[in-house]
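Atoms considered below: every heavy atom in the structure, side chains included; atoms not considered: hydrogens, waters and symmetry mates. Sequence positions, counted from 1, serve as the residue numbers for this chain.
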Amino acid sequence: MKKILITGSQGQLGKALNEFYKNDSDVQIVNTDISEMNITDAEDVMQTVRQIKPDIIINCAAHTQVDACETDQERAYQINAAGPKNLSEAANEVDAVLVHLSSDYVFDGEKRQPYVEGDSYNPQSVYGETKLAGEEFVRRIAGKYFVVRTAWLYGEGKNFVNTMLRQAETKDTVRVVGDQFGTPTSAKEVAKVIDLLCRSDKYGTYHATCEGSCSWAEFTRAIYKMCGKDVSVIPVTTEEYGAPAKRPAYSILENKKLKEEFGYTMAEWQEALREYLAERNLIKKENGHFMKKKVLVTGANGYIGRHVVSALLDMGHEVIASDFSFDGVDERAVRSEVQLFSGDENIYEQFGRPDSCIHMAWRNGFVHNADSHIQDLPNHYTFIKNMIEGGLPQLAVMGTMHEIGYWEGAITEDTPANPVSLYGIAKNALRQMTFLLASGKDVKIDWLRAYYILGDDKKSKSVFAKIVGWEEEGKETFPFNSGKNKYDFITVDELSAQIAAAATQDEIHGIINCCTGEPLSLGEKVDEFIKEHGFKIRPEYGAFPDRPYDSPGVWGDAEKINKIMKNR
């Protein structure tokens, strides 16, 4: 396993690197910012690096406020030059590779054709001078290094893209510099390059910007066009804009060494921008509709529903909440008093013609043989029928593993259903009815199967909720079965994020397992739950016999939901 220490981990590139490596079991990330390690303090850097012993150090820390550098030259030098010097010496001490991020500002912008690695430097600002000084320290001191120059970077956090979108909320016209040219570059694309370099020993200085070029004004127009913003962009000159620090008028970088050494070409800047906006539900689709959707959630105040509402709102969607009461519903949602089971044929209109509906309303979900499951079935059928015939574009209905009945192994969308409880029978019947009602209609159907849910435990009726209650009562033990049966456990927050994502995407439909796809024994999960909560209570394993109709192991096939979450 490789250990990677990241400085400036809270910046745009630091966050992009964390996102890139989050599922890589061969990489351990150690995040630092000024509170964990001050790169301007040589002793602190050496002590920290010796303690962590990283294989790779990625220096994302920098003083990037170009105008502020002009008036605070000492601080700019300490962060942008002395910091890399300290990191170079510490990297040598533990034989680590140092990746140092630099800038197009080391050039003067007079060349008028793309700069390649090895071109003459001539920085025109304190920021550029200090970034060049940092580069030179790395090249002179570090034994194993990559200097990576990028430009016009944007990612998670404060950046040009987000600034322009905020301006579009209050302005019909914006003035943007039109005589400076460069390449907008996604932090996500730079993270890919850093990973590529770190898997090699081809040390040296590299350029890493997306392909193509534009002016700041053209960049702004592309942002507004992709997001469907009706804002006029007026180009102004650098002189008219009047920034204190001099910017290079032409700072397009050519990734010559990346192509020669690795045969690697970065994404076109428009393509990377489109992906960035799409991931944040900001992009305008070709048919003129935004990815941001109006979503109706029925059963919005239920155990799962409350979390789904919040997940949708956090994603940027508009939510219409439907239930009998709203005491636990996120205040950002619109509350609807429309009677869900009125039978009115115009109910889709009454709910405000949502783009998507997540139908979660269901009585007695924890009482598997309650008569209400069968008694309420006609109401669910009528509601779904009227919503589809009213013109609903997308419907997601909450299903359950109990549709399947007894099963050993992974449940896929093709696993035959043989329910053994009234709850399972009713849900299975509704699934069949829903797909039949949608046949030949212009509606996308997502049938979302849930598995063993935990979290927010006082609101559920699972064994975990009972453990919480018993602990509060002061019980020392509780009787339990062998705990050997394996299930697919998922927290209600993770489940809700999956439901929200599945019900608002446009690519993958049909039966979708909302799950982890990773079976774990009930005993292991109970022990983990008790340990995480610091409880004193302990289970008496074997006090109850295992039920003969419980599967020794059942879980969901997570292929579809994993693709959905990755695409999001």
May I ask you to test the F351-S322 pair for a side-chain heavy-atom distance under 4.5 Å?
yes
(message) Could you go through D195 and Y21, starting from their C-alpha distance and side-chain angles, then the distance that decides it, and tell me whether this counts as side-chain hydrogen bond (donor to acceptor under 3.5 Å, both in side chains)?
(response) CA-CA 9 Å; D195 178 68; Y21 285 117; 2.8 Å; yes
* May I ask you to say whether K525 pairs ionically with E528, meaning some side-chain N is under 4.0 Å from a carboxylate O? => yes
Problem - Close aromatic pair by centroid cut-off 6.0 Å: F478 and F480 - result: yes
Do V554 and D488 have side chains that get closer than 4.5 Å, going by heavy atoms? no
Check: K427 side chain, M398 main-chain N or O, donor-acceptor pair, under 3.5 Å:
yes
In this structure, OG1 of T7 is separated from CG of L101 (nearest 0.5 Å) by 8.5 Å
One should read off an interatomic distance between T382 OG1 and I384 CD1, to the nearest 0.5 angstrom, of 9.5 Å
Check your understanding: Any salt bridge between D330 and R306, counting N to O under 4.0 Å?
Key -> no
| field | Basic-acidic side-chain contact under 4.0 Å: E189, K192 | value | yes
*asked:* Using modelled atom types and a 3.5 Å cut-off, is there a donor and acceptor pairing between side-chain atoms of S325 and backbone atoms of D327?
replied: no
*Tell me yes or no: between the side chains of H373 and H368, is some donor less than 3.5 Å from an acceptor?*
no
Checklist entry - With under 30° as parallel and over 60° as perpendicular, where do the rings of Y206 and F146 fit, or are they tilted in between? => result tilted
Output for pair (E403 CD, N418 CG), nearest 0.5 Å, gives 12.5 Å
Discussion item. If we count only N and O atoms by modelled type, under 3.5 Å, do the side chains of Y381 and N386 hold a donor and an acceptor together?
Written reply: no
Next on the checklist: Please check if the number of heavy atoms outside K486 that lie under 6.0 Å from its NZ is greater than 12.
Outcome noted: no
Within the 4.5 Å heavy-atom criterion, are Q498 and I564 side-chain neighbours or not? no
Looking only at side-chain N and O atoms, does D355 offer a donor or acceptor that is under 3.5 Å from a partner on Q394?
no
| request: Examine R280 relative to Y276 and say whether NZ or CZ is less than 6.0 Å from the centre of the six-membered ring and inside a 45° cone about the ring axis. | output: yes
D414 and T412 side chains, donor-acceptor separation under 3.5 Å | no
Self-check item: Check: E524/S521 side-chain N/O donor and acceptor closer than 3.5 Å
Solution: yes
Any salt bridge between E318 and K293, counting N to O under 4.0 Å?
no
- Message: Contact between V297 and I320 at the side-chain level, heavy atoms closer than 4.5 Å - yes or no?
- Response: no
Parallel, tilted or perpendicular: which describes the rings of F383 and H359, with under 30° parallel and over 60° perpendicular?
-> tilted
Review point. Do N481 and Y541 have a side chain donor and acceptor closer than 3.5 Å?
Key: no
- Message: Assess whether a salt bridge exists between D24 and R199, defined as any Lys/Arg side-chain N lying under 4.0 Å from an Asp/Glu carboxylate O.
- Response: yes
Minimal heavy-atom distance between A187 and G155, with the atoms involved, is CB-CA, 4.1 Å
- Using distance alone, with no hydrogens and no angle criterion, decide if N369 and S421 have a side-chain donor and acceptor under 3.5 Å apart. no
Kindly indicate whether the side chain of D26, heavy atoms from C-beta on, has any atom under 4.5 Å from the side chain of K2. no
Notebook entry, point to check: Do V468 and F535 touch side chain to side chain, with heavy atoms closer than 4.5 Å?
Noted result: yes
Separation between CG (L17) and CD1 (I4), nearest 0.5 Å, reads 7.5 Å
Output for pair (Q350 CD, L340 CG), nearest 0.5 Å, gives 11.0 Å
* To do: State plainly whether the residues K15 and E19 are in salt-bridge range, i.e. N to O under 4.0 Å.
  => no
Got a donor-acceptor contact below 3.5 angstrom from the N562 side chain to the A558 backbone? yes
### Message
Between D314 and R332, does the salt bridge (Lys or Arg N to Asp or Glu O under 4.0 Å) criterion hold? Intermediate values first, please.
### Response
CA-CA 10 Å; D314 289 342; R332 295 173 292 171; 2.9 Å; yes
* Are E275 and K188 within salt-bridge range, i.e. N to O under 4.0 Å? -> yes
message = When you measure from the side chain of T298 to the backbone of M360, do you find a donor-acceptor pair of N or O atoms at a distance under 3.5 Å?
response = yes
Parallel, tilted or perpendicular: which fits the ring planes of H307 and Y303, with parallel below 30° and perpendicular above 60°?
-> perpendicular
inquiry  = I'd like to check L392 versus R353 (side-chain heavy atoms, cut-off strictly below 4.5 Å). Are they in contact?
reply    = no
Taken to the nearest 0.5 Å, the spacing of D557 CG from I511 CD1 works out to 11.5 Å
Any idea how W152 and F219 line up, ring-wise: parallel (<30°), tilted (30 to 60°), or perpendicular (>60°)? parallel
Indicate the ring-plane relationship of F489 and Y487, choosing parallel, tilted or perpendicular according to the 30° and 60° boundaries. perpendicular
Less than 4.0 Å between a side-chain N and a carboxylate O, is that true for E271 and R274?
-> no
Given side chains that start at C-beta, do those of T185 and Y154 come closer than 4.5 Å, heavy atoms only?
no
Q.
Tell me whether Q505 contacts the main-chain N or O of A502 through its side chain, where contact means a donor paired with an acceptor under 3.5 Å.
A. yes
Next on the checklist: Counting the benzene-type ring for Trp, do W447 and H509 have ring centres under 6.0 Å apart?
Outcome noted: no
